[in-house]
Q: 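What follows is a structure written as structure tokens; I'll ask about it next.
Residues take their numbers from the sequence shown, with the count starting at 1.
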Amino acid sequence: MRTRTGSEPVTARSPLRMRFWLSLWGVFWTGAGTVVFALAGRPWWALACAVLLLIVVTDLVVILRHFRQGPRFQPGRDVGPYPPGHGPNVILTEDRERERDLIRQRRNRTGMGGGRHRS
């Protein structure tokens, strides 16, 4: 099984409920704006509100899809959950340490240590 990569914290949460309510607020105002501007004879403003309405409704559909997937959704069968303490941050830290060690070894071989030595 392949391990997940990324830099998100293990306990990261998406503010879906807040996005949901803000999207509903946006649907109300952009819908009202579309109707009001259309009735007032301002077609370009009505079109602008309609485009925003389309964007907000798309976001609302995505949010509802995320709600249905649940809190433990994983992106694919080959990408499983990683246990606590072994997430992407741990992997990135180990990779950074290996990279720093390689850079130190190269500097020591070429004589470009920079004057700083760690014991």
Q: Is any side-chain heavy atom of F20 closer than 4.5 Å to a side-chain heavy atom of L24?
A: yes

Q: Just list the side-chain donor-acceptor pairs under 3.5 Å for residues 45-63, sequence neighbours left out, or say none.
A:
| residue | atom | partner | partner atom | Å |
| --- | --- | --- | --- | --- |
| T58 | OG1 | L54 | O | 2.8 |
| D59 | OD1 | R19 | NH2 | 2.6 |
| D59 | OD2 | S23 | OG | 3.1 |

Q: Would you mind listing every salt bridge (Lys or Arg N to Asp or Glu O under 4.0 Å) that reaches into residues 31-40, with sequence neighbours excluded?
A: none

Q: Applying a strict under-4.5 Å side-chain criterion to I, L, V, M, F, W and Y, I'd like to know whether W21 and L16 cluster together.
A: yes

Q: For the pair W25 and W29, name the ring-plane relationship: parallel under 30°, tilted 30 to 60°, perpendicular over 60°.
A: perpendicular

Q: Apart from V36 itself, what residues make up its hydrophobic cluster, given side-chain heavy atom links below 4.5 Å?
A: none

Q: Does anything in residues 34-53 pair up under salt bridge (Lys or Arg N to Asp or Glu O under 4.0 Å), and if so which pairs, sequence neighbours excluded?
A: none

Q: A side-chain contact here means heavy atoms from C-beta on lying under 4.5 Å apart; do W44 and F37 qualify?
A: no

